Amino acid sequence: MNDLNTVAPADALDALDKRIINTLQRSFPVCDHPFAVVAEQLGTTEGELISRLQRLREDKILSRFGPLYNADRFDGAVSLCAIAVPQARFDEVAEQVNAFPQVAHNYERDHELNMWFVAATESWQELEDTLAAIEAETGLIVRNMPKLHEFYVGLYFEI
């Protein structure tokens with residue numbers, strides 16, 4: 001089983017972990033000390049919050065924690081991309097793709113194109129260069145499906 005499909009044990013998260021994940025899915029303050037602000041909302045300390053986020057990442061309960069920029073508003077480029085990955089290589093390719101800082105998130109789908117990810121770059125040329133680099137690294141073809149219209153879904157998973 002690959003890391004993207006691994007299910008954490010039921011006792012992997014305590015009440016504070018769940019509150020942290022639920023809170024950070026909704027918002028994250030833009031200020032000088034955002035972790036301190038969130039920690040105060042949750043009744044904990046900045047250090048405890050950061051430590052728990054690091055542990056959740058290390059334990060692969062959180063695959064990613066970070067901003068998702070609307071790159072096209074900064075004259076950048078955003079694209080949904082997909083790759084048909086041989087199942088035996090899925091974990092290896094996921095690690096290769098996720099190593100690119102331009103990749104916002106990566107997930108598995110039950111489809112011929114079984115790996116999907118979002119790439120965000122500072123320019124369309126950088127996007128093309130990044131996808132070419134991913135193809136060179138993985139030896140697989142990347143299907144590039146750039147954003148044409150934006151729809152806000154407000155995806156939220158209560159833990």
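A quick note: this is a predicted structure, and the numbers were derived from the prediction, not measured. Sequence positions, counted from 1, serve as the residue numbers for this chain.
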* Would you indicate whether the side-chain heavy atoms of Leu140 and Pro86 approach each other to under 4.5 Å? => yes
* Would you indicate whether Asp14, at its atom CG, is surrounded by more than 12 heavy atoms from other residues, nucleotides or ligands within a distance under 6.0 Å? => yes
* Has the side chain of Gln96 got a donor or acceptor atom that lies under 3.5 Å from a matching backbone atom of Glu137? -> yes
* Asked: Would a 4.5 Å heavy-atom cut-off, applied to side chains only, mark Gln87 and Asn114 as touching?
  -> yes
* Any side-chain heavy-atom pair of Arg19 and Gln41 under 4.5 Å -> no
* Asked: Rounded to the nearest 0.5 Å, how far apart are SG of Cys81 and CD of Glu135?
  -> 9.5 Å
* **Gly76 versus Trp124, closest heavy-atom pair with distance** => O-NE1, 4.0 Å
* Give, for atom CD1 of Ile61 and atom CZ of Arg52, the distance between the pair rounded to the nearest 0.5 Å. => 11.0 Å
* To do: Any chance you could measure Glu95, atom CD, to Asn106, atom CG, to the nearest 0.5 Å?
  => 11.5 Å
* To do: List for me each residue that meets ring-ring contact (aromatic ring centres under 6.0 Å, His included) alongside Phe28, sequence neighbours excluded, and say none if there are none.
  => Phe35, Phe65
* Do Glu126 and Thr130 come close enough that some side-chain heavy atom pair is under 4.5 Å? -> yes
* Asked: Heavy-atom distance under 4.5 Å between the side chains of Leu56 and Ile21, does that happen here?
  -> yes
* Structure fact -> Nearest heavy-atom contact between Leu13 and Lys18 is O-CE, 3.8 Å
* To do: Kindly write out the residues that satisfy side-chain hydrogen bond (donor to acceptor under 3.5 Å, both in side chains) with Glu92, not counting sequence neighbours, or none if the list is empty.
  => Arg89
* Asked: When hydrophobic residues are tied together by side-chain contacts of less than 4.5 Å, even through go-betweens, does Ile141 share a cluster with Ile134?
  -> no
* Asked: Measuring from Leu53:CG to Glu48:CD, what's the distance to the nearest 0.5 Å?
  -> 10.0 Å
* Which other residues end up in the same hydrophobic cluster as Phe157, if Ile, Leu, Val, Met, Phe, Trp and Tyr are linked when side-chain heavy atoms come under 4.5 Å apart? -> Leu155
* **Leu16 side chain reached by Leu49 side chain, heavy atoms, under 4.5 Å** => no
* For Arg55, look at atom CZ and say whether over 12 heavy atoms of other residues, nucleotides or ligands are found less than 6.0 Å away. => yes
* Structure fact -> Here the gap from Thr121 atom OG1 to Phe100 atom CZ, rounded to the nearest 0.5 Å, amounts to 12.5 Å
* How long is the gap from CG on Leu42 to CG on Asn22, to the nearest 0.5 Å? -> 10.0 Å
* To do: Indicate if Val37 and Leu24 have the same hydrophobic cluster label, given that clusters are the connected sets of ILVMFWY residues with side-chain heavy-atom separations under 4.5 angstrom.
  => no
* Could you tell me which non-hydrogen atom of Ala82 sits nearest to which non-hydrogen atom of Met145, and how far apart they are? => CB-CE, 3.7 Å
* Hey, does Val142 have a side-chain heavy atom less than 4.5 Å from the side chain of Phe117? -> yes
* Asked: Quick one: does Ile159's side chain get under 4.5 Å of Gln25's, heavy atoms only?
  -> yes
